[in-house]
Amino acid sequence: MSSLSNKYKSKIKTSILIADVASWICVISLMALVLMSSVRENNLRNWDSHVVRGSQLSMSHRPCDEIYVVGEGETLHTISDKCGDPYIVERNPHIHDPDDVFPGLVIKIVPFNNNKSWR
C-alpha cells in the first residue's frame, strides 16, 4: 500500500509543480501586456503632436488637398482665398452656418489647379 500512496504523492507534487509554472507564465504574460500597452500609449501621444492641420499645410508642397482640416484662426474666406475654391459651402452640406467654422473641421475643397471653372 505504501507504493500506492507514493504514486499519489508523486502525482500531487507534479500537479502542484504544473500549477506553479502556469501561474508564473500568467504573471509574466500580464506584465508583458501592461508594458506593451504603456509603450503603445506613449507612441500615440507622440503621434498626436505630429498632426498637421490647415494653416500648417501652407508650408507643404500641396497646401490645398481635396480633404482639408481647418486650422486655428482660419475661416472659410481665408481658406477659399488660399486654395482658390469659392464654392466651399456648396460642396460641404454639413456646414450649416459658414460663420461657425472651428479648428479640426474637415471640409472638401477643389484646389485651385483642379478647379477649371474658377480660373
Side-chain angles (χ1 to χ4, degrees):
M1 272 237 219
S2 93
S3 67
L4 272 179
S5 66
N6 285 342
K7 284 183 182 180
Y8 287 122
K9 286 180 183 178
S10 174
K11 285 184 181 183
I12 290 173
K13 286 181 182 180
T14 304
S15 298
I16 291 173
L17 180 65
I18 291 171
D20 284 344
V21 169
S23 297
W24 278 107
I25 290 173
C26 289
V27 167
I28 291 171
S29 298
L30 183 61
M31 290 177 65
L33 285 173
V34 169
L35 179 65
M36 286 189 303
S37 67
S38 68
V39 168
R40 183 172 182 261
E41 185 177 314
N42 287 337
N43 286 342
L44 289 177
R45 273 193 225 126
N46 291 340
W47 175 257
D48 287 342
S49 66
H50 296 301
V51 173
V52 178
R53 295 216 161 80
S55 61
Q56 297 168 335
L57 287 173
S58 62
M59 296 178 251
S60 75
H61 299 88
R62 299 177 57 184
C64 300
D65 289 328
E66 187 174 343
I67 303 298
Y68 189 89
V69 181
V70 177
E72 185 73 35
E74 289 187 311
T75 64
L76 291 181
H77 182 72
T78 60
I79 296 169
S80 176
D81 286 347
K82 179 167 61 171
C83 300
D85 185 0
Y87 303 107
I88 293 175
V89 175
E90 289 82 359
R91 288 192 182 97
N92 294 279
H94 61 283
I95 300 175
H96 301 293
D97 182 6
D99 295 327
D100 187 24
V101 178
F102 52 89
L105 177 68
V106 177
I107 59 174
K108 176 184 176 186
I109 59 171
V110 177
F112 180 79
N113 54 1
N114 291 342
N115 192 350
K116 309 285 188 227
S117 64
W118 200 73
R119 283 192 211 179

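A quick note: this is a predicted structure, and the numbers were derived from the prediction, not measured.
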Which atoms form the tightest heavy-atom contact between [X] and [Y], and what is the distance?
X: Val110; Y: Arg91; value: CG2-NE, 3.2 Å
X: Glu74; Y: Val69; value: OE1-O, 4.2 Å
X: Ser80; Y: Pro86; value: OG-CA, 3.5 Å

[X] side chain to [Y] main-chain N or O, any donor-acceptor pair under 3.5 Å?
X: Thr14; Y: Ser10; answer: yes
X: Ser23; Y: Ala19; answer: yes
X: Asp65; Y: Ile67; answer: no

side-chain contact (heavy atoms from CB on, under 4.5 Å) evaluation trace for Leu105 with His94
CA-CA 10 Å; Leu105 177 68; His94 61 283; 4.1 Å; yes

For the pair His77 and Asp81, evaluate side chain to side chain donor-acceptor pair (under 3.5 Å) and give the outcome as yes or no after the intermediate values.
CA-CA 6 Å; His77 182 72; Asp81 286 347; 3.2 Å; yes

If hydrophobic clusters are built from ILVMFWY residues whose side chains come within less than 4.5 Å, do Leu76 and Phe102 share one?
yes

By the definition side chain to side chain contact (heavy atoms under 4.5 Å, CB included), identify the one residue from Ile107, Ile79, Ile109 that meets it with Asp85.
Ile109

Is there side-chain contact between Ile95 and Asn92, with at least one heavy-atom pair below 4.5 Å?
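SC-SC contact between Ile95 and Asn92 confirmed.
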
Looking only at side chains, do Tyr68 and Lys82 share a donor and an acceptor under 3.5 Å apart?
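Their side chains do contain a donor-acceptor pair, which is all the 3.5 Å distance test asks for.
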
Point-to-point distance, once rounded to the nearest 0.5 Å, from CG of Asp100 to OG1 of Thr75:
12.5 Å

